[in-house]
Amino acid sequence: MWFIIDDQMADDRRIRRLPLATVGLWVKLCVIHSKGISMQAKDPTAYPGHFDKLDLKDAGGTMKQLQQLIDSGLMEEHDGGWRPVYAEGICREPKTLTEEQREARRKAGSKGGRRKAANQKAKQTSGDLPENSQANGEQNGSETGSKPSSNLLEDSQAKTWHKTDTDTDIPSPTPPAGTSKQTDTPDAGFDHFAEAYPGSVGAKGRKTEAEARNLYATIAGNTVQLARLQAALRRYKRAVNDGQIRTGHIPRLNTWLRDQWETWAPEPISPSPIHKHTWNCEHVHQLMDPHEAEYDHTGSLRNGNPSEWWKACQACADELNQQQTSKEKQ
């Protein structure tokens, strides 16, 4: 997959207003995101579709720079993290080829290569024929040798050259009727995960492999924890590739899942607290203030004799809380 920057990017007002270091961070994050999307096409668990604070730190960026990109409309929040916004005039959104398109491209390239080799061989043959015919005094042989050359030239002009970037002119074949996309089973999810792990997993069916499979299934049962686990694996692999962790110090997968993965995972995002309506909250005031003159304000809550106004506001708050609870249950 290619990340393509528009040649007019430098003239865009959003880019001109940003510091050079922030623009460089944006390019780096876009490349990381595009690579992740490409990996995700082959293995859905390889990339969650966004990056988080630790990924930002690994790229050498700061939250201040990220906020500058968000304010400029070049980044957006997504599923607890962030992802690039592909703006017209700055860059082009990468496209992921289907497996059918990749296969069609491979066949087209192979066919074009064979045709090119045949043309070159035929030209060499046709170039030798006139010399042989003059030496032997055979004019008919020269005429016969020129015909394949002209035909091959027409074939050469008729060739279709396919582009090698992410766009393709090859139509995507329609899937056969009645087939549906198969979803990954828990075992398939573990197999993908184990294949991506940089260390040893253990022989299939042995104690270490069975323990790793059970630990993965326990974590994957919670979608939030599964996303954290996938992020932890990406960071761990990056640390191994960068030489921060020596190859001989990589534990087996069951040990890593049991004792270490959470140290590499991002902090879980705590859900925002649910607002509980009270008689004096802004939502109640928005509904009740237009009718305030209709109620008596005489009374004292401290003395156990609340006013009619307080009772009406409290009843409104109770009703709002009840409606909110009903929505949560749905």
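In this text the structure is predicted, and so the values were computed from the model without any measurement. Any value given below was found using the heavy atoms of this structure, including those in side chains, with hydrogens, waters and symmetry copies removed.
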Nearest-0.5 Å distance, [atom1] of residue [X] to [atom2] of residue [Y]:
{"X": "Met288", "Y": "Cys281", "atom1": "CE", "atom2": "SG", "answer": "11.5 Å"}
{"X": "Leu257", "Y": "Ile219", "atom1": "CG", "atom2": "CD1", "answer": "5.0 Å"}
{"X": "Asn254", "Y": "Tyr216", "atom1": "CG", "atom2": "OH", "answer": "16.0 Å"}
{"X": "His297", "Y": "Glu308", "atom1": "NE2", "atom2": "CD", "answer": "10.5 Å"}
{"X": "Cys91", "Y": "Ile5", "atom1": "SG", "atom2": "CD1", "answer": "7.5 Å"}
{"X": "Trp261", "Y": "Gln225", "atom1": "CH2", "atom2": "CD", "answer": "4.5 Å"}

What are the two closest non-hydrogen atoms of [X] and [Y], and how far apart are they?
{"X": "Gly49", "Y": "His78", "result": "O-CD2, 3.8 Å"}
{"X": "Gln65", "Y": "Gly60", "result": "OE1-O, 4.2 Å"}
{"X": "Ala196", "Y": "Leu233", "result": "CB-CD2, 3.9 Å"}
{"X": "Cys30", "Y": "Pro84", "result": "SG-CB, 3.7 Å"}
{"X": "Leu56", "Y": "Met63", "result": "CD2-SD, 3.8 Å"}
{"X": "Gly202", "Y": "Thr208", "result": "CA-OG1, 3.8 Å"}

Side-chain heavy-atom pair Arg17, Ser72 within 4.5 angstrom cut-off: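 Sidechains of Ser72 and Arg17: no contact.
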Under 3.5 Å donor-acceptor, [X] side chain and [Y] backbone:
{"X": "Asp242", "Y": "Gln244", "value": "no"}
{"X": "Asn222", "Y": "Val224", "value": "yes"}
{"X": "Thr255", "Y": "Pro251", "value": "no"}
{"X": "Thr22", "Y": "Leu18", "value": "no"}
{"X": "Gln324", "Y": "His275", "value": "yes"}
{"X": "Asn321", "Y": "His277", "value": "yes"}
{"X": "Thr263", "Y": "Gln260", "value": "yes"}

Under 30°, 30 to 60°, or over 60°: which ring-plane class applies to His33 and Tyr47, parallel, tilted or perpendicular?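 Aromatic pair His33/Tyr47 classed perpendicular.
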Polar side chain donor-acceptor pair, His291 to Glu294, under 3.5 angstrom: yes
Could you tell me if Asp296 and Thr298 have a donor-acceptor pair between their side chains, going purely by distance under 3.5 Å?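 Asp296 and Thr298 do have a side-chain donor-acceptor pair below 3.5 Å.
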Below 6.0 angstrom between ring centroids: does that apply to Tyr236 and Trp256? yes
Salt bridge check: are Arg258 and Glu211 linked by an N-O gap of less than 4.0 Å? yes
Does the side-chain contact (heavy atoms from CB on, under 4.5 Å) test come out yes or no for Phe51 and Ile32, once each step is laid out? CA-CA 9 Å; Phe51 56 87; Ile32 293 173; 5.8 Å; no
Please walk me through it: do Gln314 and Asp318 pass side chain to side chain donor-acceptor pair (under 3.5 Å)? CA-CA 6 Å; Gln314 186 60 44; Asp318 293 340; 3.1 Å; yes
Give a yes or no on this: more than 12 heavy atoms of other residues, nucleotides or ligands lie within 6.0 Å of atom [atom1] of [X].
{"X": "Gln323", "atom1": "CD", "value": "yes"}
{"X": "Glu195", "atom1": "CD", "value": "no"}
{"X": "Gln322", "atom1": "CD", "value": "no"}
{"X": "Glu77", "atom1": "CD", "value": "no"}

Which residues pass the salt bridge (charged side-chain N to carboxylate O under 4.0 Å, His left out) test with Lys28, sequence neighbours left out? none
Please walk me through it: do Cys313 and Trp310 pass side-chain contact (heavy atoms from CB on, under 4.5 Å)? CA-CA 5 Å; Cys313 289; Trp310 183 91; 5.8 Å; no
Using ring-ring contact (aromatic ring centres under 6.0 Å, His included), reason through Trp82 and His50 one step at a time and then give a plain yes or no. CA-CA 5 Å; Trp82 302 273; His50 63 272; 8.6 Å; no
State which residue, out of Arg228, Lys57, Arg235, fulfils the salt bridge (Lys or Arg N to Asp or Glu O under 4.0 Å) condition with Asp52.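 Checked Arg228, Lys57, Arg235 against Asp52; only one passes salt bridge (Lys or Arg N to Asp or Glu O under 4.0 Å): Arg235.
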